[in-house]
2 protein chains.
Amino acid sequence: MRLLVIEDEHRIAQALKEGLEQESYAVDVCHDGEDGYNTASADEYDLIILDVMLPGMDGIEVCRKLRAEGNHTPILMLTAKDQNHDIVHGLDAGADDYLPKPFSFEVLLARVRALMRRPNESIGEILKVGELTLNTNTHEVKRSGQSIKLSSKEYSLLEYMLRNKGQVLSKNNIMSHVWDFDANILPNTVEVFVAYVRAKVDKPFKDAELIQTVRGFGYKIGENS
Amino acid sequence: MRLLVIEDEHRIAQALKEGLEQESYAVDVCHDGEDGYNTASADEYDLIILDVMLPGMDGIEVCRKLRAEGNHTPILMLTAKDQNHDIVHGLDAGADDYLPKPFSFEVLLARVRALMRRPNESIGEILKVGELTLNTNTHEVKRSGQSIKLSSKEYSLLEYMLRNKGQVLSKNNIMSHVWDFDANILPNTVEVFVAYVRAKVDKPFKDAELIQTVRGFGYKIGENS
DNA sequence: TAGAACTTTAAAATTAGCTTAAAGAACTGG
DNA sequence: CCAGTTCTTTAAGCTAATTTTAAAGTTCTA
């Protein structure tokens, strides 16, 4: 779990870093709002500990900007004692929690744990065609309940086709979307991989063939012709 | 939104009820732990405001019992001022938040709003996959009742995987969540640590291998393929 | 029915991941 | 503060799986 601490007082920042590292968290530190904001939006953290009072851009502002750009990383805000308006503003700016200074490390840790405890909410996008499903999170591919094991390229090919189901995809199109840029591939490679995927996804099942050849144009995945 | 207030001081309970009703929440009140616990487990509330100090069964106990029976209703705990151990115990018992008395109504309202915003059903602090458990509080890791000793990095890696169980995590993803910022690590380091964790967590146990390699994509922790 | 378009097969080339060993860091107990 | 220990990281060799190519076989259609 990787945390970002945005706190201008070096003494506190250092203490937090050390204490949290003791608890086996990976911790990065920024000392002003600007820097903190940039770091937070550039990298994916699991939690941000954010001081309200910061030189330049303050904590509320940092928080608001991160939320505005769709960043949902949990934020624990450190507020000055008895500054209720900080708390209210902070929470309204999208902070998930606050901790009034001064606080004991033990309490901080409990708050951090509580915030980390949130759901595994990753919304697994599941691509489907007929009885075939592909879970983009777990990379699980199934047909009629039966699990299918694909290699990396096979998976990429199938995923690409499913994301464009019903459409006819030319070999060139497939080549440029499934292989990378500098990948000098022959069209035959696509044919071979289509065959591999068919062998695992279509052949073992009696019902409709999902992957269809459109002679002269390319391939298509879909339920019926 | 329906709230339950469990608070023995009638004056405070009444003030909360009125204030919250003003905000158009439906509010029920209980005056002791027993009654509060029964009410909370009988009916489905959207939020429970729970005083720690209660006659009979105290707030911590109420909280623990509700969580034990799988109730995930967000709980905001009211603690006595400067009783840090209350806070820690409360959070560890599964409370989602706390508010030290005395508090302004404005702050309470902000906390209530924040909790309501939060996705329900936050995961407990014990992470599990099959027979494997990891206690994020004590850092204890067990499989089939047997205690397993992990180093700090090994622990971090396993925790991260468990928090994202079922999902395929690329080496890069793992690198950026388990190691910090300036950590220049090779992907091979991840491979080595996965091997270490496997050696302690999977190898000594005959049953299913929990940590799976998804060739070309990364690693996944989960019960079955 | 000839030729283009696709399929299949099998072998060669490449790569990902595992293992091992050893160097360097960070702790620990005296 | 130092020596021994444990933990973290790198590097290199190995294996097995995947990717790619090439060539021979089929099918379709004009």
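Quick note on labels: first sequence line is chain A, next is B, and so on, each numbered from 1. All figures in this text were calculated on a predicted structure; none of them were measured in a lab.
- Taking side-chain N and O atoms only, A:Lys171 has no distance below 4.0 Å to OP1 or OP2 of C:dA5.
- Protein atom OH of A:Tyr155 is 18 Å distant from nucleotide atom P of C:dA16, rounded to whole Å.
- Residues meeting the side chain to side chain contact (heavy atoms under 4.5 Å, CB included) test with B:Glu191, sequence neighbours left out: B:Lys171, B:Asn188, B:Tyr219.
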>> For nucleotides 9-16 of chain D, give me one character per nucleotide, 5' to 3': B if any protein heavy atom sits under 4.0 Å from the base, S if the only such contacts are to the sugar-phosphate, - if neither.
In response: BBBB----
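- Annotation: the terminal axes of the helix from C:dT1-D:dA30 to C:dG30-D:dC1 meet at 30°, where each axis is the rotation carrying the C1' atoms of four end pairs onto the next four (5 pairs per end, rounded to 10°).
- Note on B:Ser151: every side-chain N or O is 4.0 Å or more away from OP1 and OP2 of D:dT6.
- What separates CD1 of A:Ile174 from P of D:dT19 is a distance of 16 Å, to the nearest Å.
- The two atoms that bring B:Arg163 and B:Leu127 nearest to each other are CG-CD1, 3.7 Å, heavy atoms only.
- Nucleic acid contact for B:Lys200: none, since no nucleic acid atom lies under 4.0 Å from a heavy atom of the residue.
- A salt bridge links A:Arg111 with A:Asp97: at least one charged nitrogen is closer than 4.0 Å to a carboxylate oxygen.
- For C:dA16, the OP1/OP2 oxygens have no side-chain nitrogen or oxygen of B:Thr213 closer than 4.0 Å.
- Using a 4.0 Å heavy-atom cutoff across all strands shown, A:Val214 reaches sugar-phosphate atoms only and no base atom.
- The side chain of A:Lys203 places no N or O atom within less than 4.0 Å of a non-bridging phosphate oxygen (OP1 or OP2) of C:dT7.
- Between A:Asp28 and A:Lys17 there is no salt bridge, since no side-chain nitrogen of the basic residue lies less than 4.0 Å from a carboxylate oxygen of the acidic one.
- A:Asp43 has a carboxylate O that lies under 4.0 Å from a charged side-chain N of A:Arg2, or vice versa, which qualifies the two as a salt bridge.
- The separation between B:Asn172 atom CG and C:dG17 atom C1' is 15 Å, rounded to whole Å.
- Look at CG on B:Leu157: it is 15 Å from P on D:dC7, rounded to the nearest Å.
- Checked for salt-bridge contact, B:Asp58 and B:Arg64 miss the test: no charged N lies under 4.0 Å from a carboxylate O.
- The aromatic rings of A:Tyr155 and B:Phe217 stand perpendicular to each other, their planes meeting at an angle above 60°, with 30° marking the opposite boundary.
- Distance B:Met175 CE to D:dT8 P: 16 Å, rounded to the nearest Å.
- In this structure, A:Glu209 places its CD atom 16 Å from P of C:dC6, rounding to the nearest Å.
- Ring to ring, A:Phe193 and A:Trp179 are close: their centroids are under 6.0 angstrom apart.
- Salt-bridge annotation for B:Lys65 and B:Glu69: absent, with no side-chain N of the basic residue lying under 4.0 Å from a carboxylate O of the acidic one.
- Summarising the geometry, the separation between CD on A:Glu21 and P on C:dA25 is reported as 17 Å, rounded to the nearest angstrom.
- The separation between A:Arg198 atom CZ and C:dT9 atom P is 14 Å, rounded to whole Å.
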